[in-house]
Colleague: 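Before I ask anything, here is the structure I am working with.
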Amino acid sequence: MTKEELASMFDHTFLKAYASRDDFIKLCDEAKDIGATMVAINSEPVKLCKELLKGTSIHVGAAISFPLGQTTLDIKLAETKQAIDDGADEIDYVINVGKAKMHDWDYIEKEMKSIVQLCHQNNRICKVIFENCYLTKGEIKHIALIAKQVKPDYIKTSTGFGISGATVEDVRLMKETVGDEVKVKAAGGIRDWKTCQAMIEAGASRIGTSSSLKILEKFEKYCG
């Protein structure tokens, strides 16, 4: 793997509540410098980042119902539609974790089908955030099996705002469950090359991180 190939796996991330215009300018400039695939932001600054990245191939990704997932399906769909209208190329939405804990699988499937359909009708990439730190291995597998049928583009480990982030064990479980039907994104707590490498080896095709530059620096040091 080259440094450029690694950078192309990154969703370069800034999802802080205090994010300002200067933060988004810096984020987008860094994404351009390293050749990231996407910038991951909340939905409000989508228009700004789309303008900042005009003329590049870098996608703008909007986080929907972030980070709790505890909004109604209608609200999630409205936020998704607004983000798409504002220029989002990719949507990362948080499932209703409470419904998953209650094993209301019909709700989880309906929610996933509705949001994936809206994204795909508009030729947008859709990622489903599980928030694995609150789920049992059986629950993770069950949601992944639903995804295998619904076919979002990616299933994703975490928001990075839960009690823990991505684990190699969870990435491997998710990938083994969906196989080649759906890709896996690892996010949450990935701050160094060693951790990033482990996630990729476990089956992750995308890495969500705010430490892209640091990871690439270490990769170049040890692997360049």
Side-chain angles (χ1 to χ4, degrees), residues 1-16 27 30-31 34-41 58-59 61 63 66-67 69 90-95 97 100 125-148 151-224:
M1 179 187 294
T2 66
K3 182 180 178 181
E4 291 73 23
E5 288 170 337
L6 176 59
S8 72
M9 299 179 75
F10 287 155
D11 287 355
H12 192 43
T13 304
F14 199 85
L15 291 159
K16 302 298 185 182
L27 181 76
E30 289 174 347
I34 66 174
T37 285
M38 191 189 88
V39 293
I41 55 173
I58 300 169
H59 284 183
F66 196 86
E90 306 192 17
I91 297 294
D92 292 36
Y93 87 88
V94 186
I95 68 163
V97 181
I125 290 169
C126 185
K127 308 191 198 84
V128 181
I129 307 174
F130 286 19
E131 199 67 301
N132 287 341
C133 60
Y134 301 124
L135 303 171
T136 67
K137 302 306 179 192
E139 288 162 351
I140 292 168
K141 185 171 183 178
H142 202 114
I143 303 165
L145 286 170
I146 292 172
K148 188 174 182 179
K151 292 184 173 53
D153 300 278
Y154 291 82
I155 53 176
K156 177 178 169 182
T157 60
S158 324
T159 64
F161 287 76
I163 55 175
S164 63
T167 69
V168 170
E169 182 182 9
D170 286 350
V171 170
R172 187 175 292 115
L173 172 61
M174 293 165 79
K175 186 58 182 173
E176 287 175 351
T177 304
V178 296
D180 294 329
E181 299 294 322
V182 182
K183 296 176 183 178
V184 175
K185 175 178 172 178
I190 303 172
R191 302 185 181 95
D192 58 71
W193 162 237
K194 183 178 179 181
T195 304
C196 179
Q197 182 181 30
M199 298 299 172
I200 294 168
E201 290 175 350
S205 301
R206 287 273 194 103
I207 302 293
T209 180
S210 58
S211 300
S212 305
L213 277 66
K214 178 182 175 183
I215 293 170
L216 289 170
E217 181 182 338
K218 293 298 183 183
F219 171 84
E220 197 166 36
K221 179 179 179 180
Y222 295 114
C223 306

Colleague: Find out whether Glu201 and Val168 are in side-chain contact, i.e. whether some heavy atom of one side chain is under 4.5 Å from a heavy atom of the other.
Modeller: no
Colleague: To the nearest 0.5 Å, how far apart are OG in Ser212 and CE in Met9?
Modeller: 12.0 Å
Colleague: As a quick check of understanding, evaluate side chain to side chain contact (heavy atoms under 4.5 Å, CB included) for Thr209 and Met199, giving each step before the final call.
Modeller: CA-CA 12 Å; Thr209 180; Met199 298 299 172; over 6 Å; no
Colleague: Does any N or O in the side chain of Thr2 come within less than 3.5 Å of the main-chain N or O of Glu5, such that one atom is a donor and the other an acceptor?
Modeller: yes
Colleague: Would you say the side chain of Met174 lies within less than 4.5 Å of the side chain of Thr177, judging by non-hydrogen atoms?
Modeller: no
Colleague: Is any NZ, NE, NH1 or NH2 atom of the basic residue among Asp153 and Lys183 found under 4.0 Å from an Asp or Glu carboxylate oxygen of the other?
Modeller: no
Colleague: To the closest 0.5 Å, what do you measure between CG (Leu145) and NE2 (His142)?
Modeller: 7.0 Å
Colleague: Looking at every heavy atom in both Pro67 and Thr159, which two are closest together, and how far apart are they?
Modeller: O-CG2, 3.5 Å
Colleague: What is the distance from atom CD1 of Ile207 to atom CZ of Phe10, rounded to the nearest 0.5 Å?
Modeller: 7.0 Å
Colleague: Identify the two heavy atoms, one from Ala204 and one from Val171, that lie closest to each other, and give their separation to 0.1 Å.
Modeller: N-CG1, 3.7 Å
Colleague: Tell me, yes or no, whether the heavy-atom count around Lys151 atom NZ, taken from other residues, nucleotides or ligands under 6.0 Å, exceeds 12.
Modeller: yes
Colleague: What's the verdict on side chain to side chain contact (heavy atoms under 4.5 Å, CB included) for Tyr154 and Cys126, showing C-alpha distance, side-chain angles and the deciding distance?
Modeller: CA-CA 7 Å; Tyr154 291 82; Cys126 185; over 6 Å; no
Colleague: May I ask you to test the Leu213-Ile34 pair for a side-chain heavy-atom distance under 4.5 Å?
Modeller: yes
Colleague: Could you check Val182, Asp92, Ile91 and say which one makes a side-chain contact (heavy atoms from CB on, under 4.5 Å) with Lys127?
Modeller: Asp92
Colleague: Do you know which two heavy atoms are closest between Thr136 and Glu139, and how far apart they sit?
Modeller: N-OE1, 2.9 Å
Colleague: Could you please spell out the steps behind the side chain to side chain contact (heavy atoms under 4.5 Å, CB included) verdict for Thr37 and Ile58?
Modeller: CA-CA 5 Å; Thr37 285; Ile58 300 169; over 6 Å; no
Colleague: A side-chain contact here means heavy atoms from C-beta on lying under 4.5 Å apart; do Ile125 and Arg206 qualify?
Modeller: yes
Colleague: Using 0.5 Å steps for rounding, measure from the NZ atom of Lys175 to the CZ atom of Arg172.
Modeller: 13.0 Å
Colleague: In the structure I gave you, are the side-chain heavy atoms of Ser210 and Phe14 within less than 4.5 Å of one another anywhere?
Modeller: no
Colleague: Can a donor-acceptor pair be found, under 3.5 Å and without considering hydrogens, that links the side chain of Glu90 to the backbone of Met38?
Modeller: no
Colleague: Are Glu169 and Lys137 within salt-bridge range, i.e. N to O under 4.0 Å?
Modeller: yes
Colleague: Does Thr157 reach the main-chain N or O of Ala187 with its side chain, forming a donor-acceptor pair under 3.5 Å?
Modeller: yes
Colleague: Under a 4.0 Å N-O cut-off, is there an ion pair linking Lys3 with Glu220?
Modeller: yes
Colleague: Between CD1 of Ile41 and OG1 of Thr13, what distance do you get to the nearest 0.5 Å?
Modeller: 10.5 Å
Colleague: Of all the heavy-atom pairs spanning Ser158 and Gly165, show the shortest one and how long it is.
Modeller: OG-C, 3.3 Å
Colleague: Where do Phe66 and Phe161 land on the ring pair (Phe, Tyr, Trp, His ring centres under 6.0 Å) test, with the steps shown first?
Modeller: CA-CA 9 Å; Phe66 196 86; Phe161 287 76; 5.3 Å; yes
Colleague: Check whether any side-chain heavy atom of Phe130 lies under 4.5 Å from a side-chain heavy atom of Ile140, and answer yes or no.
Modeller: yes
Colleague: If you define the side chain from C-beta out and look only at heavy atoms, does anything of Val178 sit under 4.5 Å from Ile155?
Modeller: yes
Colleague: Measuring only between side-chain heavy atoms, which start at C-beta, is Ile95 closer than 4.5 Å to Ile129?
Modeller: no
Colleague: So how far is it from Lys141 NZ to Ile143 CD1, rounded to the nearest 0.5 Å?
Modeller: 13.5 Å
Colleague: So, Asp192 side chain and Thr195 main chain: donor-acceptor pair closer than 3.5 Å or not?
Modeller: yes
